[in-house]
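Please see the structure below; I have some questions.
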Protein chains: 2
Amino acid sequence: MFKTNRTHYEKRSQVFKALAHPARLFMVEELASGERCVCELTAMLGLDTSTVSKHLSVLKNAGVVSDEKRGLMVYYSIKMTCVLGFFSCVQKSLDEDVRQQFSTLSA
Amino acid sequence: MFKTNRTHYEKRSQVFKALAHPARLFMVEELASGERCVCELTAMLGLDTSTVSKHLSVLKNAGVVSDEKRGLMVYYSIKMTCVLGFFSCVQKSLDEDVRQQFSTLSA
DNA sequence: GCACTATTTGGCAATATAGCCAAATAGCCA
DNA sequence: TGGCTATTTGGCTATATTGCCAAATAGTGC
């Protein structure tokens, strides 16, 4: 059932692993507005350049983003565009949970 | 930019963290067909019952699934139904990558 | 109550991830 | 070439996750 095509599930989970970090989530949402160089993302995140670079390589290896070098800078942009649809789904569910907790409290 | 609403991104990333494991991914897909008890999922996964139980609690805490106790058994079912749409997106992207690698090789 | 089954929880060792610093690499310009 | 900037890579420590076993909890039926 599971063990026979475990690698199949491992490949798929790589994408979710890539999105499973606040900094990487932020970057993907930022890239939704257009390509950004590493330096721009670094400034926005307030993390070390090397840390940001490693986060981006995680997203790249998962196939979520792609990169292009132009001069000194490396520009990243979204490749797996459909992941943007995830965020509204997740947000909606989180909002519903909050609403439900509130109505439980006030009941 | 990021540091000011870091907790916001942390909450969202919880959902992706929950999906970022092959066993949990398998369970969510299985639950798409209907509710399952822990024992059924344990049999399919070939993991220790305690391990499966912990995986399920991760999914529950993230709001992805919900549980209901009936007699001795605890039945889990999908709560965040929209996550099912993720899988086709991810699969489609992975397929495209494979196709692209193939065409690069044969070119 | 006792015995039995299903599930959860605590604890531990092995492994993976995140962040920083330092060093390496790559491209620009003089 | 050398100096400068942007990015990546290696290495390290701190922290988080995974999976097992053992023990605790909860529900059933005698």
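Lettering of chains follows the sequences in order, A, B, ..., and the numbering in each one begins at 1. Keep in mind that what you see is a predicted model, and the values were worked out from it rather than measured.
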### Task
State which residues pass side chain to side chain contact (heavy atoms under 4.5 Å, CB included) with B:Leu72; sequence neighbours excluded, sorted by chain then number.
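Scan of B:Leu72 (side chain to side chain contact (heavy atoms under 4.5 Å, CB included), adjacent residues dropped) gives none.
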
### For A:Gln14, all residues meeting side chain to side chain donor-acceptor pair (under 3.5 Å), sequence neighbours excluded
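A:Gln14 satisfies side chain to side chain donor-acceptor pair (under 3.5 Å) with no residue once adjacent residues are dropped.
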
#### Entry: Pairing residues for A:Lys60 by the side chain to side chain donor-acceptor pair (under 3.5 Å) criterion, not counting sequence neighbours
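With neighbours one apart ignored, the set is A:Asp67.
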
N/O donor to acceptor pairs below 3.5 angstrom from side-chain atoms of residues 17-29 of chain A, sequence neighbours left out:
unit_1: A:His21; atom_1: ND1; unit_2: A:Ala23; atom_2: N; d: 3.0
unit_1: A:Arg24; atom_1: NE; unit_2: A:Ala18; atom_2: O; d: 2.6
unit_1: A:Arg24; atom_1: NH1; unit_2: A:His55; atom_2: ND1; d: 3.0
unit_1: A:Arg24; atom_1: NH2; unit_2: A:Lys17; atom_2: O; d: 3.1

### Query
Is there a residue in residues 2-18 of chain B whose heavy atoms reach under 4.0 Å of DNA chain C, and which residues are they?
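When residues 2-18 of chain B is checked for heavy atoms under 4.0 Å from DNA chain C, the hits, listed by number, are B:Arg6.
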
### Residues forming a side chain to side chain contact (heavy atoms under 4.5 Å, CB included) with B:Ser53, sequence neighbours excluded
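Side chain to side chain contact (heavy atoms under 4.5 Å, CB included) check on B:Ser53 returns nothing, list empty.
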
### Query
Can you name the residues that form a side chain to side chain donor-acceptor pair (under 3.5 Å) with A:Asn61, not counting sequence neighbours?
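Expected list: none.
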
### Message
Taking side chain to side chain donor-acceptor pair (under 3.5 Å) as the definition, give me every residue that meets it alongside A:Ser50, ordered by chain and number, with sequence neighbours left out.
### Response
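Residues passing side chain to side chain donor-acceptor pair (under 3.5 Å) with A:Ser50: A:Asp48.
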
### Query
Of all of residues 24-35 of chain B, which get a heavy atom below 4.0 angstrom from DNA chain D, listed by number?
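Contacting residues: B:Arg24.
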
### Query
Sequence neighbours excluded, which residues qualify as side chain to side chain contact (heavy atoms under 4.5 Å, CB included) partners of A:Glu68?
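So A:Glu68 forms a side chain to side chain contact (heavy atoms under 4.5 Å, CB included) with A:Arg70.
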
Output one line per pair: protein atom, nucleotide atom from nucleotides 3-10 of chain D, and distance, for all N/O pairs under 3.5 Å.
unit_1: D:dT7; atom_1: OP1; unit_2: A:Val38; atom_2: N; d: 3.1
unit_1: D:dT7; atom_1: OP1; unit_2: A:Val74; atom_2: N; d: 3.3
unit_1: D:dT7; atom_1: OP2; unit_2: A:Cys39; atom_2: N; d: 2.7
unit_1: D:dT8; atom_1: OP1; unit_2: A:Tyr76; atom_2: OH; d: 2.8
unit_1: D:dT8; atom_1: OP2; unit_2: A:Ser53; atom_2: OG; d: 2.6
unit_1: D:dT8; atom_1: O5'; unit_2: A:Ser53; atom_2: OG; d: 3.3
unit_1: D:dG10; atom_1: O6; unit_2: A:Lys54; atom_2: NZ; d: 3.0

### Query
How would you list all residue pairs meeting salt bridge (Lys or Arg N to Asp or Glu O under 4.0 Å) that involve residues 72-92 of chain A, not counting sequence neighbours?
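Sorted pair list: A:Lys79-B:Asp97.
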
### Task
Would you indicate, yes or no, if C:dG19 has its OP1 or OP2 atom less than 4.0 angstrom from a side-chain nitrogen or oxygen of A:His55?
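Answer yes for this pair, as a side-chain N or O of A:His55 is under 4.0 Å from OP1 or OP2.
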
